[in-house]
S.K.: 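Submitted below is the structure of interest, expressed as structure tokens.
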Amino acid sequence: MKLTKSDFNLSCIEMGHFLLGKVLVRRLENNVIIKGKIVETECYLGGIDKASHSFGGRRTARNEAMFMPAGTAYVYMTYGMYYCFNISSKELGAAVLIRSLEPIQGIEKIEELRKMKMKNKISAKKFKTTELCNGPSKLCIGLDIRKDNLNRVDLCENDMLWLESPIDETDFTLVTCARIGIASCGEEWANKPLRFYIYQNLNVSKRDKKAEKYMESITL
DNA sequence: GACACGATTAACT
DNA sequence: GTTAATCGTGTCG
């Protein structure tokens, strides 16, 4: 079932939780369909969040999608060569970064897109399925999500990129931990528990063993 | 206009 | 474990 406008009417943290287990669907120009289950998310809260592009109310051409209605794609370039894909929440300037997917459909196409970007074609032959989309920029390469094709699109009113609820809703345990790659914004916000992932899923970009151990001690 | 710097990744040692 | 790659963007002058 395709998710609709009302499904996205969530706060940033609610959406970070809600998106786990949902299926991201991409239709390429040649009508090939790629699907991946979201297994890792990060929340960027907006005004108060030092790690957010919209910290302090900064609103520019780049981050405009963070201020658009919930369920809008925010795609930006990072390190001059990679893209990251986010989904805006109902909170102004707040969005959820999609950090990793478990490939479900079109796996060969994902692999092809990933290999195309690599210089060393020898190591490119050794891809495991779990290494295809286990990082925010890897999944953008694997699903051909770029700023020039999908930034600011409405994920409910679009036939190139959308979300679906999974056919088989399997239960999972959620791990909550610190976000990745934002140390320069200062300890306070770098350490906030705003990254979420599916416990024991092999497609997660980075496990947080300390967070897992703590979680195990109180829930298992 | 200039300039420092990434919400990362792949290729090294 | 360490580091080069690579350029759009925000910030300041």
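Everything quoted here is computed from the prediction, not taken from an experiment. Naming convention: chains lettered A, B, ... in sequence-line order (proteins, then strands); numbering from 1 in each chain. All values below come from the heavy atoms of this structure, side chains included, with hydrogens, waters and symmetry mates left out.
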S.K.: Do NZ/NE/NH1/NH2 and the carboxylate oxygens of Glu42(A) and Arg99(A) come within less than 4.0 Å?
M.R.: yes

S.K.: Inspect the contact between Lys213(A) and Glu216(A) and indicate whether a charged nitrogen and a carboxylate oxygen are less than 4.0 angstrom apart.
M.R.: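 Looking at Lys213(A) together with Glu216(A), the answer is no, because their closest N to O distance does not fall below 4.0 Å.
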
S.K.: Among residues 80-112 of chain A, which contact DNA chain C at a heavy-atom distance under 4.0 Å?
M.R.: Gly80(A), Met81(A)

S.K.: Measure the CD1-CD distance between Ile110(A) and Gln105(A) for me, rounded to the nearest 0.5 Å.
M.R.: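 It is 9.5 Å, given to the nearest 0.5 Å.
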
S.K.: Taking the six-membered ring for Trp, are Tyr76(A) and Tyr74(A) closer than 6.0 Å centroid to centroid?
M.R.: yes

S.K.: As an exercise, state the distance from SG of Cys177(A) to OH of Tyr214(A), rounded to the nearest 0.5 Å.
M.R.: 14.0 Å

S.K.: Can you sort out which residues in residues 70-79 of chain A have a heavy atom within less than 4.0 Å of DNA chain C? Ascending by number, please.
M.R.: Met77(A), Tyr79(A)

S.K.: For Arg195(A), report the nucleic acid contact type (base, sugar-phosphate, nothing); a contact means any heavy atom under 4.0 Å.
M.R.: nothing

S.K.: Tell me which residues in residues 184-192 of chain A put a heavy atom below 4.0 Å from DNA chain C, sorted by number, or none.
M.R.: none

S.K.: According to salt bridge (charged side-chain N to carboxylate O under 4.0 Å, His left out), who are the partners of Lys138(A), at least two apart in sequence or on a separate chain?
M.R.: none

S.K.: To the nearest 0.5 Å, what is the distance between NE2 (His17(A)) and OG (Ser11(A))?
M.R.: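 The NE2 atom of His17(A) sits 9.0 Å away from the OG atom of Ser11(A).
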
S.K.: Which value, rounded to the nearest 0.5 Å, describes the distance between Ser205(A) atom OG and Ile180(A) atom CD1?
M.R.: 4.5 Å

S.K.: Could you tell me whether Asp171(A) atom CG has more than 12 heavy atoms of other residues or ligands within 6.0 Å of it?
M.R.: no

S.K.: Do Glu14(A) and Leu19(A) come within less than 4.5 Å of each other through their side chains, counting heavy atoms only?
M.R.: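 Side chain of Glu14(A) against side chain of Leu19(A), heavy atoms only: no contact under 4.5 Å found.
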
S.K.: Which helical stems does DNA chain B take part in, if a stem means at least 3 consecutive Watson-Crick or G-U pairs with both distances below 3.5 Å?
M.R.: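 In DNA chain B, stems of three or more pairs: B:1-6 with C:7-12, B:8-12 with C:1-5.
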
S.K.: So, the side chain of Asn151(A) versus the backbone of Lys147(A): is there a donor-acceptor pair under 3.5 Å, distance only?
M.R.: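 Flag not set: sc Asn151(A) to bb Lys147(A) has no pair under 3.5 Å.
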
S.K.: For a 4.0 angstrom threshold against heavy atoms of chain A, report the outermost contacting nucleotides of DNA chain C in 5' to 3' order.
M.R.: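 First and last nucleotides in contact are dA5(C) to dT11(C).
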
S.K.: Which distance, rounded to the nearest 0.5 Å, do you find between the CD1 of Ile38(A) and the CD1 of Ile98(A)?
M.R.: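 Between atom CD1 of Ile38(A) and atom CD1 of Ile98(A) there are 4.0 Å.
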
S.K.: Could you check whether Ile141(A) gets within reach of a base, just the sugar-phosphate, or nothing at all, counting any heavy atom under 4.0 Å?
M.R.: nothing

S.K.: Is any side-chain N of the basic residue among Lys22(A) and Glu164(A) closer than 4.0 Å to the acidic one's carboxylate O?
M.R.: no

S.K.: Would a 4.5 Å heavy-atom cut-off, applied to side chains only, mark Ile87(A) and Thr41(A) as touching?
M.R.: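 No; the side chains remain at least 4.5 Å from each other.
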
